[in-house]
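Bear in mind the structure is a predicted one, so any value in this text is a computation, not a measurement. Both backbone and side-chain heavy atoms feed into the values below; hydrogens, waters and symmetry mates do not. Labels below follow one simple rule: chain letters A, B, ... track the order of the sequence lines, proteins then strands, and each chain is numbered from 1.
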2 protein chains.
Amino acid sequence: MASAPEHGAAAAHIADRIREAIISGEYAPGTRIRQEELATEAGASRVPVREALRMLAAEGLVTLVANTGAWVSSLSLSECQEIYRVRERVEPLLLRMSAPNLDDAELDRLDGLAAAMAATDDPELFLTLDREFHLSTYGGAETVVLSDLVHRLWNRTHSYRRVYTGLMDDRARETVHDEHRLMVAAMRDRDLDSAESLLTSHIRRTRRQLAGHPELFLATPR
Amino acid sequence: MASAPEHGAAAAHIADRIREAIISGEYAPGTRIRQEELATEAGASRVPVREALRMLAAEGLVTLVANTGAWVSSLSLSECQEIYRVRERVEPLLLRMSAPNLDDAELDRLDGLAAAMAATDDPELFLTLDREFHLSTYGGAETVVLSDLVHRLWNRTHSYRRVYTGLMDDRARETVHDEHRLMVAAMRDRDLDSAESLLTSHIRRTRRQLAGHPELFLATPR
DNA sequence: ATGCTTGAAATTGGATGCAATCGTCCCGTA
DNA sequence: TACGGGACGATTGCATCCAATTTCAAGCAT
């Protein structure tokens, strides 16, 4: 289970727990994180908690202020746009490195995810499936640095994607589904250039739509 | 000096110190890092040292193995190539966001750096000037996420750039200088497309030359 | 000579305790 | 009422101490 009582992994486990809580929405951006609370919850002392917070801070998920405390990082609109601009450049590269290693069974599964996403109107499920879909398209990449980078970029924006997902209208949703299907089709055809450019458009379009919702972001994030 | 006796910053200071030591070459890739050593050196206990190591591990500069220790991260050739591929996609974007904000004085300074680089044959000075040149070209960007990402990518590869720099022949060096001068010229002309594509080629060329020196890398890095 | 076992030293992991800092409430003053 | 200014409580920062684990060398067996 989650609590393997192995020595030397407390900080990592606690970090996993917090990361999961942030991604699941349990901890929203701006939420105060208290060391003691996490420590008792993990049945540990504050020492490994602090190490976990340092890790998460370096990942950008948590913001530390000396002598004051830790908060779940929030983003300004411009920071979020920055992340999307980076994703626009980086994820197509990762897709290119992954796609050749995805077999037919995996492509079928991707189609299934895309279909499930189109079939639901539960925003939370949509969000989960979307993440699962995209990260799965990267699953064939034998990379370390790049896939880690992309995962971190997804993590940092996940909370905002959650809110935005609830605001999408039917037209926007339909466009997303079309793009997903086209991406899988391009990958089936081993047409990496098309897959790349479809993904670029996909991310860029989302970025531009996000720009129309500044109310989702704080002016002065921490 | 380096030791401002402020409360709540010990871990950050120690991390700065280690990061600096890695970049300066004092700590080469693969070097074992002992907590006690750093603690006494910083006049602190091992607790903030461990927090610093967690941060650096999240930055990719240090590799931690539970119950065993910390080492300065080393890269395999393929990991290094990965980083360069990411840089190829990401740095031109950052340059585009920075260039419009660089005034004539700053562009003059960049030309000066390029000239100084061309004039020296001290590899260490070359390395320092090269870093200073490129990071300065990004100095106009009002970004947080992206510039932080680029700095980290530079940091992770700096040790290898050091070794490679010593191996460059005159022709390779001359090419680099030409590219630097052309980049500054393009920025003076406010020709962002040219600046971007020059930078892309610049990084790609270096990546391809690095591929010819697998002996600089470990097969199984940690 | 090589490989395996054992045990002590070295090193890391984590809990506890205390000092330092920050927030907040309360009070006094204008 | 509005505006400082302490004092207290809550929280974080860090040093010290002990436990868990690994490493390494010496000894033993093959």
All N/O pairs under 3.5 Å across the protein-nucleotides 19-22 of chain C interface:
none

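Not a single donor-acceptor pair under 3.5 Å links the side chain of B:Q209 to the backbone N or O of B:T206. At distances below 3.5 Å, not a single donor-acceptor pair connects side-chain atoms of A:Y160 with backbone N or O atoms of A:C80.
Pairs engaging residues 129-141 of chain B under the salt bridge (charged side-chain N to carboxylate O under 4.0 Å, His left out) rule: B:R109-B:E132 [sequence neighbours left out].
Of all nucleotides in DNA chain D having an atom under 4.0 Å from a heavy atom of chain A, the first and last in 5' to 3' order are D:dT11 to D:dT21.
Taking 4.0 Å as the cut-off between side-chain N and carboxylate O, B:D169 and B:R173 do not count as a salt-bridged pair. Residues A:E124 and A:R161 are not paired through a salt bridge, judged by the lack of any N-O separation under 4.0 Å between the basic side chain and the carboxylate. Taking a cutoff of 4.0 Å between a charged side-chain nitrogen and a carboxylate oxygen, B:E26 and B:R17 qualify as a salt bridge. A:E59 has no carboxylate O lying under 4.0 Å from a charged side-chain N of A:R156, or vice versa, which leaves the two without a salt bridge. Salt-bridge check for A:E179 with A:R204: failed, with every basic side-chain N at 4.0 Å or more from each acidic carboxylate O.
With sequence neighbours excluded, no residue forms a salt bridge (Lys or Arg N to Asp or Glu O under 4.0 Å) with B:R85. Scored by the side-chain contact (heavy atoms from CB on, under 4.5 Å) test, B:A211 finds B:Q81 as partners (sequence neighbours excluded).
Remark: B:R50 in residues 47-59 of chain B come within less than 4.0 Å of DNA chain C through at least one heavy atom.
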A:W71/A:T31 under side chain to side chain contact (heavy atoms under 4.5 Å, CB included): CA gap, chis, key distance, verdict: CA-CA 5 Å; A:W71 286 262; A:T31 304; over 6 Å; no

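Atom CZ in B:R34 sits about 5 Å away from atom P in C:dT11, given to the nearest Å. At whole-Å resolution of the value, CZ in B:R46 and P in C:dT16 are 17 Å apart. The CD atom of B:E37 sits 14 Å away from the C1' atom of C:dT12 (whole-angstrom rounding).
Heavy atoms of A:A70 sit nowhere under 4.0 angstrom from any nucleic acid atom. B:L64 comes within contact range of no nucleotide atom at all, as no heavy-atom separation falls under 4.0 Å.
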